[in-house]
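First up is the structure itself, then whatever we jot down about it.
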Amino acid sequence: MLILELMPEEEDFFITYQNTQIKVSPVINGGNIYFIIHFKEPITIAEGLVNESWGWYEMNTKETLLATELGEIIEAVDIN
């Protein structure tokens with residue numbers, strides 16, 4: 001279960017994932033926004049066109065259940 005704790009605009013924020021607070025760092029690169037999820041081995045996720053539909057994916061990998069779960073909580077937050 002993912003719970004949003006705090007998300008200041010363009011600053012690190014924290015979510016609770018499996019009873020552990022995890023830091024998330026949004027990174028703006030041109031017109032794209034990536035999110036570094038600070039697990040023991042950090043992963044980077046982004047939303048993009050995957051197999052002709054929009055979805056969340058892990059960088060250098062593919063669409064994963066973890067990326068989708070994290071992306072859904074990030075989508076629910078207003079990052080304007």
Side-chain angles (χ1 to χ4, degrees):
M1 173 183 242
L2 298 169
I3 302 169
L4 181 69
E5 298 296 333
L6 171 68
M7 186 173 177
E9 183 177 322
E10 298 181 23
E11 294 181 15
D12 293 351
F13 59 97
F14 292 86
I15 58 173
T16 300
Y17 181 73
Q18 297 182 350
N19 297 321
T20 303
Q21 282 220 315
I22 306 294
K23 183 169 84 171
V24 178
S25 301
V27 177
I28 299 174
N29 182 0
N32 300 318
I33 300 176
Y34 301 92
F35 297 90
I36 300 170
I37 314 302
H38 297 275
F39 291 124
K40 281 186 179 181
E41 293 185 27
I43 65 166
T44 302
I45 66 169
E47 186 178 26
L49 201 55
V50 178
N51 298 325
E52 299 184 22
S53 64
W54 287 95
W56 287 90
Y57 63 95
E58 290 184 45
M59 297 299 297
N60 303 320
T61 308
K62 60 180 179 174
E63 193 172 16
T64 64
L65 179 58
L66 179 60
T68 299
E69 288 177 339
L70 295 168
E72 286 175 356
I73 199 74
I74 290 168
E75 282 180 349
V77 178
D78 183 10
I79 58 171
N80 293 325

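Given the structure is predicted, the values throughout are model-derived calculations rather than measurements.
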Step-by-step side chain to side chain contact (heavy atoms under 4.5 Å, CB included) determination, I43 to L70: CA-CA 11 Å; I43 65 166; L70 295 168; 4.2 Å; yes
Looking at OH of Y57 and OG1 of T64, how far apart are the two atoms once the value is rounded to the nearest 0.5 Å? 11.5 Å
Quick note, salt bridge (Lys or Arg N to Asp or Glu O under 4.0 Å) partners involving residues 25-46, not counting sequence neighbours, are none
Would a hydrophobic clustering, with Ile, Leu, Val, Met, Phe, Trp and Tyr connected at side-chain separations under 4.5 Å, put F13 with I28? yes
Distance col, row Y34:OH vs E47:CD, nearest 0.5 angstrom, shows 12.0 Å
Checking side chain to side chain contact (heavy atoms under 4.5 Å, CB included) for the pair E63/W56: CA distance, chi angles, key distance, verdict? CA-CA 6 Å; E63 193 172 16; W56 287 90; 5.9 Å; no
Among residues at least two apart in sequence or on other chains, which ones pass side-chain hydrogen bond (donor to acceptor under 3.5 Å, both in side chains) with T44? none
Minimum heavy-atom separation for A46 and I33, please, with both atom names. CB-O, 4.0 Å
Check: V27 and I36 side chains under 4.5 Å, non-hydrogen atoms: yes
To the closest 0.5 Å, what do you measure between CD1 (I37) and CD (E58)? 9.5 Å
For F39, all residues meeting ring pair (Phe, Tyr, Trp, His ring centres under 6.0 Å), sequence neighbours excluded: Y17
Scan residues 15-39 for pairs that pass salt bridge (Lys or Arg N to Asp or Glu O under 4.0 Å), counting only residues two or more places apart or in two chains. D12-K23
